[in-house]
Amino acid sequence: MATRSIFSSNPTMAQRRIAALKQFVPSFTQSLLSLACVALLCLTYLSLRSLSPSNASTPFHRSMSFSNASTPQDVEDTKTTISSSIYHYPEVFLRNYGAMERDFKVYIYPDGDPKTYYQTPRKLTGKYCSEGYFFQNIRESHFRTDDPDQADLFFVPVSPHKMRGMGTSYENMTIIVREYVSGLIQKYPYWNRTLGADHFFVACQDVGVRAFEGLEMMIKNSIRVVCSPSYNVGYVPHKDVALPQILQPFALPAGGNDIENRTILGFWAGHRNSKIRVILARVWENDTELAISNNRINRATGPLVYQRRFYSTKFCICPGGSQVNSARIMDSIHYGCIPVILSDYYDLPFNDILDWSKFSLILKEKDVYQLKDILKSVSHEQFVVLHKNLVEVQKHFEWHSPPIPYDTFHMTMYELWLRHHVIRY
């Protein structure tokens, strides 16, 4: 009643209050909208700027200047030009690669006798040499730190390849790995901080991967750097890393810029140790345009006949074998023959960095029946572009000792660097 009497006794004052309130609400709303627009514009500008190369005054072209630095000190001293066409996000790769070179650190656990299964590589040759090269390169690089408190990741340096070389059975391998890792957990505090999420191990041989299966927490939590990255049997692409299986040393020099010599449409020769290989040989071994062999090329036919066939072929067929991966893919890249990936569930090496569609053909296994039609549908102009990009990407699929910028070791370290951000202690 009191409120009512005020309005009735002085209607003019009430009307003025209501009118003032009506004027205030729209002006306040407009102010909020204006402020929101300004904030949105600022955020948009900052986001676009963060995606640009550090030198914003330089326009982005097809080729970019990458710092060619094996150590942070070399960044200003050496430059190399890398084409942008083979990368998903070249500007991001440019910026992040420099940050990795400058800041990334890995601690190697010192435990284990190097003369047995730990610390040092078995050898730097053969089809599993990628494991050995990583063991060698990590010790030669500036990424290694002796201070675990400065480390971004922790390397568990047990080599399944060395175990196999010493005749260790699979059962004993699992026991050795379990006891070694359990000892590290008890001796050091670092595992328990993240339950092993900032730890990683390296294994190229598929039996070597199985050696870690006795440690479920390591398979589940830690980063697995493996040559057999089949994501239908436990491999997790956003956590684990696909390591290229490279058979080094290469028997012959790298191919490239030799399109006129490539007169064979497609080539494959190898063991029929998988369903897709059996189908490939059965369907195409008698075709006159495809050089498909029912088995490996006999060395008695001449020296390096198999390797030289890569030089004269446009497309090299790369079906999965006992595992999804095959060293033939890296052979194809080295010899300048466009790899045709014929393997389901294969997380291709460096797939989140490199655009494999720019230098290879990626098919489903069911496409094997239309293989020749698919290869012939690639125009000469398209083939020229694929071949040019393939030559550009060769640098990323080569091991060196000591490692050099942008080689397989540095690309693998980049993959690890990407993953350490989500598990930083």
Exercise. Begin from the C-alpha positions of Y346 and S326 and carry the test side chain to side chain contact (heavy atoms under 4.5 Å, CB included) through to its verdict.
Key: CA-CA 10 Å; Y346 186 12; S326 169; over 6 Å; no
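- Of the inter-residue distances, the one linking L252 atom CG with L304 atom CG reads 5.0 Å to the nearest 0.5 angstrom.
- N221 and K239 make their closest contact through O-CD, 3.8 Å (heavy atoms, listed as atom of the first residue, atom of the second, distance).
- Between I333 and L390, the closest side-chain pair of non-hydrogen atoms falls below 4.5 Å.
- Residue L361 forms a side-chain contact (heavy atoms from CB on, under 4.5 Å) with just one option from L375, L371, I341, and that option is L375.
- Salt-bridge annotation for E415 and R419: present, with a side-chain N of the basic residue lying under 4.0 Å from a carboxylate O of the acidic one.
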Practice problem: Applying side chain to side chain contact (heavy atoms under 4.5 Å, CB included), run through M217 and I185 and close with a yes or a no. | Solution: CA-CA 12 Å; M217 58 182 176; I185 294 174; 3.3 Å; yes
Quiz prompt | Stepwise side chain to side chain contact (heavy atoms under 4.5 Å, CB included) check, R193 with D198 | solution = CA-CA 9 Å; R193 298 187 309 188; D198 55 358; 4.2 Å; yes
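- For an aromatic pair to be called close, the ring centres must be under 6.0 Å apart, and Y414 with F93 satisfies this.
- Within the 4.5 Å cutoff, no side-chain heavy atoms of D111 are placed close to those of Y118.
- For the side chain to side chain donor-acceptor pair (under 3.5 Å) test with S159, the passing option among E131, R164, R122 is E131; the others fail.
- Aromatic rings of H396 and F350 (six-membered ring for Trp) have centroids beyond the 6.0 Å cut-off, not under it.
- Proximity of the aromatic rings of F383 and F315 is defined here by a centroid distance below 6.0 angstrom, and this criterion is met.
- E213 has its side chain within reach of Y170: a pair of non-hydrogen atoms, C-beta onward, lies under 4.5 Å apart.
- Proximity of the aromatic rings of Y97 and Y406 is defined here by a centroid distance below 6.0 angstrom, and this criterion is met.
- Between the CD atom in Q186 and the CG atom in N192 there is a gap of 10.0 Å [rounded to 0.5 Å].
- When all heavy atoms of I329 and C318 are compared, the pair lying nearest together is CG1-CB, 3.6 Å.
- Heavy-atom contacts from other residues, nucleotides or ligands closer than 6.0 Å to CD of Q382 number more than 12.
- Across N257 and E260, no two heavy atoms sit closer than the pair O-OE2, 4.3 Å.
- Separation of the Y109 and H199 ring centroids falls under the 6.0 Å cut-off.
- Side chains of E140 and N137: a donor on one and an acceptor on the other come within 3.5 Å.
- One finds the CG atom of L184 at 11.5 Å from the OH atom of Y190 (value rounded to the nearest 0.5 Å).
- R262 and G256 make their closest contact through NH2-N, 4.4 Å (heavy atoms, listed as atom of the first residue, atom of the second, distance).
- Between E365 and K275 there is no salt bridge, since no side-chain N of the basic residue sits under 4.0 Å from a carboxylate O of the acidic one.
- Between D149 and Y107, the closest side-chain pair of non-hydrogen atoms is not below 4.5 Å.
- With C204, the cysteine C227 has an SG gap short of 2.5 Å.
- Proximity of the aromatic rings of F155 and F134 is defined here by a centroid distance below 6.0 angstrom, and this criterion is met.
- Here the side chains of D258 and H387 are in contact, with some heavy-atom distance below 4.5 Å.
- Residues F397 and P349 have side chains in contact (heavy-atom distance under 4.5 Å, counting atoms from C-beta outward).
- With rounding to the nearest 0.5 Å, the separation of CH2 in W417 from OG1 in T412 is 15.5 Å.
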Practice problem: For the pair L124 and Q248, evaluate side chain to side chain contact (heavy atoms under 4.5 Å, CB included) and give the outcome as yes or no after the intermediate values. | Solution: CA-CA 8 Å; L124 302 183; Q248 285 189 220; over 6 Å; no
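- D355 contributes atom CG, which lies 12.0 Å from atom OH of Y87 (distance to the nearest 0.5 angstrom).
- Proximity of I246 to W399: side-chain heavy atoms (C-beta onward) are separated by under 4.5 Å at one or more points.
- Contact between D344 and K364 at its shortest, heavy atoms only, is OD1-CA, 3.6 Å.
- The only member of F250, W268, Y335 that meets ring pair (Phe, Tyr, Trp, His ring centres under 6.0 Å) when paired with F310 is Y335.
- Proximity of T408 to M411: side-chain heavy atoms (C-beta onward) are nowhere separated by under 4.5 Å.
- One N or O on the side chain of H142 and one on the backbone of E101 form a donor-acceptor pair closer than 3.5 Å.
- Taking the six-membered ring where the residue is Trp, the centroids of Y180 and Y117 are separated by 6.0 Å or more.
- Of the N and O atoms on the side chains of D331 and Y306, not one donor lies less than 3.5 Å from an acceptor on the other residue.
- For the residue pair V156 and V181, the shortest heavy atom distance occurs at CG1-CG2, 4.1 Å.
- In this structure, T174 OG1 and M163 CE are separated by 9.5 Å, a value rounded to the nearest 0.5 Å.
- Partner of K162 under the side chain to side chain donor-acceptor pair (under 3.5 Å) criterion, chosen from T168, T116, T120: T120.
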